[in-house]
Colleague: 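Can you read through this structure? Questions will come right after.
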Amino acid sequence: MIEREAQDIGSYIIILNLKNTQKLSIGELGEITLEKGYYLYVGSARKNLTRRVQRHRRKRKKLFWHIDYLGQIADFHLALPVRSSADLECDIAKRLKAISDWSVPEFGVSDCSCETHLFGMRSNPIFSPTFIEILQHFRIGRLEDELMGKY
């Protein structure tokens with residue numbers, strides 16, 4: 001299990017901070033209004049997870065994914081990778097939806113049936129015990145559950 005789960009693949013949560021409410025034009029999504037606050041974006045990388053997360057940190061890049069557009073106007077705050085051989089992206093998104101203050105419909109979901117993969121919070125999520133519990137579950141708890149036959 002350790003060898004399987006230690007590969008450079010998995011999901012991630014990117015946290016961005018938007019200091020002021022702004023309008024943003026994003027490809028087929030069109031123009032959307034984004035409230036000021038913290039944005040949590042859930043993505044995945046079936047290979048090169050480290051490089052994908054590093055790419056999201058850069059301001060200068062070709063705009064390809066929805067999150068690339070938001071990254072142009074918001075400050076990068078934190079990247080939280082979740083190494084996993086299982087595809088956890090949609091499961092993480094569902095859990096974040098339950099604790100978020102708002103979400104942005106159809107953001108980052110061109111390859112799944114989720115409502116969105118972008119969630120907003122008024123305060124910094126890293127100070128939220130519930131957010132920390134969710135992160136710990138996907139990083140460690142699910143593996144403990146698997147070992148105990150619960151997953």
Colleague: For residues Ser44 and Arg52, report the shortest heavy-atom separation together with the two atoms involved.
Modeller: O-NH1, 2.8 Å
Colleague: Can you tell me if CZ on Arg51 sees more than 12 non-hydrogen neighbours from other groups inside 6.0 Å?
Modeller: no
Colleague: Quick one: does any side-chain atom of Ser128 pair with a main-chain N or O of Phe131 as donor and acceptor, under 3.5 Å?
Modeller: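 Checking the backbone N and O of Phe131 against the side chain of Ser128, a donor-acceptor pair under 3.5 Å is found.
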Colleague: Give a yes or no on this: more than 12 heavy atoms of other residues, nucleotides or ligands lie within 6.0 Å of atom NZ of Lys59.
Modeller: yes
Colleague: Going by heavy atoms in the side chains, are Tyr41 and Leu70 under 4.5 Å from each other?
Modeller: no
Colleague: Please tell me if the side chains of Ile13 and Phe138 come closer than 4.5 Å, counting only heavy atoms from C-beta onward.
Modeller: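 They are not in contact (no side-chain heavy atoms under 4.5 Å apart), so the answer is no.
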Colleague: Hey, does Lys97 have a side-chain heavy atom less than 4.5 Å from the side chain of Thr116?
Modeller: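 Thr116 does not reach Lys97 side chain to side chain.
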Colleague: Please examine the side chains of Glu35 and Asp101, heavy atoms only from C-beta on, and report whether any two atoms are closer than 4.5 Å.
Modeller: no
Colleague: Quick check on the hydrophobic clustering: are Ile9 and Leu143 connected, directly or via other members, by side-chain heavy-atom contacts under 4.5 Å?
Modeller: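 No.
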Colleague: Compare all side-chain heavy atoms of Ile126 with those of His77 and state whether any distance is below 4.5 angstrom.
Modeller: yes
Colleague: Would you please indicate yes or no on a ring centroid separation below 6.0 angstrom for Tyr39 and Trp102?
Modeller: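 Yes; Tyr39 has its ring centre under 6.0 Å from that of Trp102.
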Colleague: Do the side chains of Leu34 and Trp65 join up, straight or via other hydrophobic residues, at under 4.5 Å, putting them in one cluster?
Modeller: yes
Colleague: Are Ile67 and Val42 linked, directly or through intermediate hydrophobic residues, by side-chain heavy-atom contacts shorter than 4.5 Å (ILVMFWY only)?
Modeller: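 Looking at the clustering, Ile67 is in a separate group from Val42.
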Colleague: Given side chains that start at C-beta, do those of Lys61 and Gln72 come closer than 4.5 Å, heavy atoms only?
Modeller: yes
Colleague: Is there side-chain contact between His117 and Cys112, with at least one heavy-atom pair below 4.5 Å?
Modeller: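 With C-beta onward as the side chain, the pair touches.
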Colleague: Hey, is Asp68 close enough to Arg55 for a salt bridge, meaning N to O under 4.0 Å?
Modeller: yes
Colleague: Residues in side-chain contact (heavy atoms from CB on, under 4.5 Å) with Ala79, at least two apart?
Modeller: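 For Ala79, the residues satisfying side-chain contact (heavy atoms from CB on, under 4.5 Å) (neighbours in sequence not counted) are Ile14, Val53, Arg57, Phe76.
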Colleague: Just how far is it from atom CG of Asn20 to atom CD1 of Ile73, taken to the nearest 0.5 Å?
Modeller: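 Here the rounded value is 10.0 Å.
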Colleague: If you take all heavy atoms of Ile92 and Val82, which pair is closest and at what distance?
Modeller: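 The pair with the smallest heavy-atom distance is CD1-CG2, 4.4 Å.
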Colleague: Do other residues, nucleotides or ligands put more than 12 heavy atoms under 6.0 Å from Glu5 CD?
Modeller: yes
Colleague: More than 12 heavy atoms of other residues, nucleotides or ligands under 6.0 Å from CD of Glu3: is that the case?
Modeller: no
Colleague: Does the side chain of Tyr12 come under 3.5 Å of the side chain of His56 through a donor N or O and an acceptor N or O?
Modeller: yes
Colleague: For the residue pair Arg142 and Arg83, what are the closest heavy atoms and their distance?
Modeller: NH2-O, 3.0 Å
Colleague: Which pair of heavy atoms, one from Pro105 and one from Leu29, lies closest together, and at what distance?
Modeller: O-CD2, 4.3 Å
Colleague: Is it the case that over 12 heavy atoms from other parts of the model lie below 6.0 angstrom from the CD atom of Gln22?
Modeller: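 Counting other residues, nucleotides and ligands, CD of Gln22 exceeds 12 neighbours.
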Colleague: Checking Thr21 side chain against Lys36 main chain: does a donor-acceptor pair fall under 3.5 Å?
Modeller: yes
Colleague: Restricting to non-hydrogen atoms, name the atom on Phe119 and the atom on Ser100 that form the minimum distance, rounded to 0.1 Å.
Modeller: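 Of all heavy-atom pairs spanning Phe119 and Ser100, the closest is CB-CB, 3.6 Å.
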Colleague: Write down the atom of Arg46, the atom of Ser84, and the distance for their closest heavy-atom approach.
Modeller: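 Result for this residue pair: NH1-O, 4.1 Å.
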Colleague: With side chains defined as the heavy atoms from C-beta onward, is the minimum distance between Glu89 and Val109 less than 4.5 Å?
Modeller: no
Colleague: Please determine whether residues Leu18 and Ile26 belong to a single hydrophobic cluster, defined as Ile, Leu, Val, Met, Phe, Trp and Tyr linked transitively by side-chain heavy-atom distances below 4.5 Å.
Modeller: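 Yes, one cluster joins them.
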Colleague: Do Leu16 and Phe127 land in one hydrophobic cluster if side-chain heavy atoms of ILVMFWY residues count as linked below 4.5 Å?
Modeller: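 No; Phe127 is not reachable from Leu16 via cluster members.
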